[in-house]
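Below you'll find the structure, written out as structure tokens, and then a few comments.
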Amino acid sequence: MSAAGLIRAAPTEPVRPWLRHALDVETWRAVAAALGAPDAPDLLGLWADTLRVHALFIEPDGSDVLPVSVPVVGGVYPALSPHRPAAAWFERMVHDLWGHAAEGGTDLRPWLDHGRWPVHTPMALRPAPAGGASEPPEFLPVEGEDLHQIPLGPVHGTITEPAHLRVTAEGETIRRVEVRLGYAHKGVLALMRGKPPRAAARYAARLSGDSTVAHSIAYARAAEAALATEAPPRAHALRAVMAELERLANHTGDFAAVLGAAGLGVPAARWGWHREALLAAAEAGFGHRLMMDCVVPGGVAADIGPAGPAAILAALDALGGELPALARALDPAGGLAGRLRGLGAVSPALAARFAAGGPVGRAAGRGFDARRRPGYPPYAGLDPAPAVLAAGDAEARLHVRLAELHASAGLLRRLLADLPEGRLTLTLPMATGEGIGVAEGCRGDVWHWLRLDGGLVAACFARDPGWLHWPLLEAAMQGGEVADLPLCALSFNCSCSGVDL
Amino acid sequence: MRTWPPALANLRGRGVTRPAGPVSAQTTAELAARLDAAAQTRLGRSLALRHVDAGGCNGCNLELRALGNIVYDLERFGLRFVASPRHADVLLLTGPLTRTMREALAATWEAMAEPKWLVAVGDCAIDGGVFKGSYACLDGASGLAADLVVRGCPPAPAPILDGLRSLLEANAAPHP
């Protein structure tokens, strides 16, 4: 039987707006073994609570979302990583935070726990005090002659997030890049536990500052789903205004960063100015440049300011007027295109296997966009029409972002021209329930899972797109040049904090 | 015109760079009182900045990066970001100082030559912000002696720039 068939045959519990399939250990094991089949569902995430391990699958065409869970028996559950490599980082994280071991997992090294916390398994029912000094996770062994290693980070030469990249090179050719994260682990899931949804929203908004709107929307939708409520129409429209504004600001910032790293100072400065203009418009509209804490469970924190729509439209006009000139830097015959073509290429097969989202996935043939499928308000009549390319390289990732600039600007104009009237927020009941929310952020699909008990957060998890993009960056740089690594990493632009939790 | 029309237009116009207003007299006076005369002569009117993200959400990084754009243009004040802590006068700390970043921060600080200053940028770096009390965090610079703090979550580029200019002015101001 196929993995999806096995999952659908299992008994269900409500995890609104979908159903969680409660698998027994044997069925979970059979699903894992069936994950090697070409039509098997995509794995979006894996996490745990004190009793169960959860996985989130989706049909490759986005038509059905399949949350599943398995009870943890004797501290273990069957691993998915032998059949789906994308599960490996999640399994290491589950072990570090909850102590559940993935039986037969391909990689049993610690992940977030560098041996520096005062406790082990901080999310477990009874966290164990950390005894003695343990060491951060070791890097994979390297065999071969004439190899040298370059340790990069966690403090880098530029203004960037803390990550350690261990580069093994033969001369100037990269043989392996291994990423070690966990430096930005703040214990967010433990901080959210036991709080009312609106208080916990401040942590969801700070999982990854550049995607604060996307994380806040996904979290708010999870909370609203758990409580079987829906935000008012005006709140949906204002959330979308913020989300598209965030996408525009981040994409323009990505262009500024990539062009600056490629030595094209003048266009990089222009892209940087447009990002600044968009952030100033966000402040005029919502009172905060990054729009942090503006989306709350139940709706939005405040209405758009009276000067907001005009400021946003002025920033869009300025960007639209200069886009044709700025796009010339990406001319297929130009020097930048020559530098980016083939750089950090991800094959469509690999992108599909890792369920890559956002510009990373859409540049490599995976057209998934959470705004279309599974879809959420107010995008039903708006059709975001994402661009999908096949090359999978840094050039394609920039072209996808360029197309999304045009598309998001168009969406913003339509949203602002037709903002529904009415309430901004609703009162959340003090109820019990389980929900999943999704939002399409600038990097891809952001997922939040939440269980509320008597109106308080009993358990939660946030799946940033970085979980599935960092391993692709590792793969994409194999065989590349050491000097190309910064440019390639910028074209991916993965978040550390979002993955580090 | 085949080159870059917007850039040329910028050369003709007044530009988009934010006008430099006066810095806070109170902050400057407080800082001047803390800095000794030797530091003034060594530094003149230039500060090299080294940023360490001690586990923040990356919001502060975005606003620090914005200091280099043409609107804030920090280099016009003699401020610049440097890649090596060996070249730095100021460590800009962002993030709640996660336990996993403690050693990297200490190594960066140790690598900086005297005289040097610690500036905590953002609520997390000041006392842990919303992450205060987490098992994974050391509550920002609350256990360290920051010379200057810039509040906000994240602070906008303008107040960060004004704070750093206060540090410059305090270094240049004559001591009583």
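Chain letters run A, B, ... following the sequence lines, proteins first, then strands; residues in each count from 1.
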Restricting to non-hydrogen atoms, name the atom on [X] and the atom on [Y] that form the minimum distance, rounded to 0.1 Å.
X: A/E276; Y: B/A66; answer: OE1-CB, 3.9 Å
X: A/Y183; Y: B/T98; answer: O-OG1, 2.5 Å
X: A/K186; Y: B/G55; answer: NZ-O, 2.8 Å
X: B/S134; Y: A/G187; answer: OG-CA, 3.9 Å

Heavy-atom proximity to chain B below 4.5 Å, by part of [X]:
X: A/H156; result: backbone
X: A/R206; result: both
X: A/A190; result: side chain
X: A/S211; result: neither

Quick one: do B/R65 and A/T158 satisfy side-chain contact (heavy atoms from CB on, under 4.5 Å)? Show the steps, please. CA-CA 9 Å; B/R65 225 177 279 159; A/T158 53; over 6 Å; no
Structural part of [X] lying under 4.5 Å from a heavy atom of chain A:
X: B/V71; answer: side chain
X: B/P154; answer: both
X: B/C60; answer: neither

Taking atom [atom1] as the centre, does [X] end up with more than 12 heavy-atom neighbours from other residues, nucleotides or ligands that are less than 6.0 angstrom away?
X: A/R193; atom1: CZ; value: yes
X: A/R126; atom1: CZ; value: no
X: B/R18; atom1: CZ; value: yes
X: A/K195; atom1: NZ; value: yes

Tell me, out of B/P157, B/G68, B/G128, who's got the most heavy-atom pairs with chain A below 4.5 Å.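 Greatest number of close heavy-atom pairs with chain A: B/P157.
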Quick check: under 4.5 Å, non-hydrogen atoms only, which of residues 100-109 of chain B neighbour chain A?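 Within residues 100-109 of chain B, near chain A: B/T100, B/M101, B/E103, B/A104, B/T108.
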With a 4.5 Å cut-off on heavy-atom pairs, point out which of [options] contacts chain B the most.
options: A/P127, A/A184, A/A256; value: A/A184
options: A/L207, A/L112, A/L191, A/V119; value: A/L191
options: A/G321, A/P154, A/P122; value: A/P122
options: A/L290, A/D500, A/D293; value: A/L290

Look up atom [atom1] in [X] and atom [atom2] in [Y], then write down how far apart they are to the nearest 0.5 Å.
X: A/H114; Y: B/R99; atom1: NE2; atom2: CZ; value: 14.5 Å
X: B/C57; Y: A/Y203; atom1: SG; atom2: OH; value: 13.0 Å
X: B/N69; Y: A/H274; atom1: CG; atom2: NE2; value: 12.0 Å

Here's a test for you: under side chain to side chain contact (heavy atoms under 4.5 Å, CB included), which of A/L279, A/D210, A/I159 qualifies with B/L62?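 Among the candidates, only A/D210 passes.
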Under 3.5 Å side-chain donor-acceptor pair for B/N58 and A/S208: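 Result is yes, a qualifying pair exists.
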What class does the angle between the rings of B/Y135 and A/H185 fall in, given that below 30° is parallel, 30 to 60° is tilted and above 60° is perpendicular?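 It falls in the tilted class, 30° to 60°.
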Could you tell me if the side chain of A/V155 sits less than 4.5 Å from the side chain of B/R50, heavy atoms only?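 Result yes, sub-4.5 Å side-chain heavy-atom pair found.
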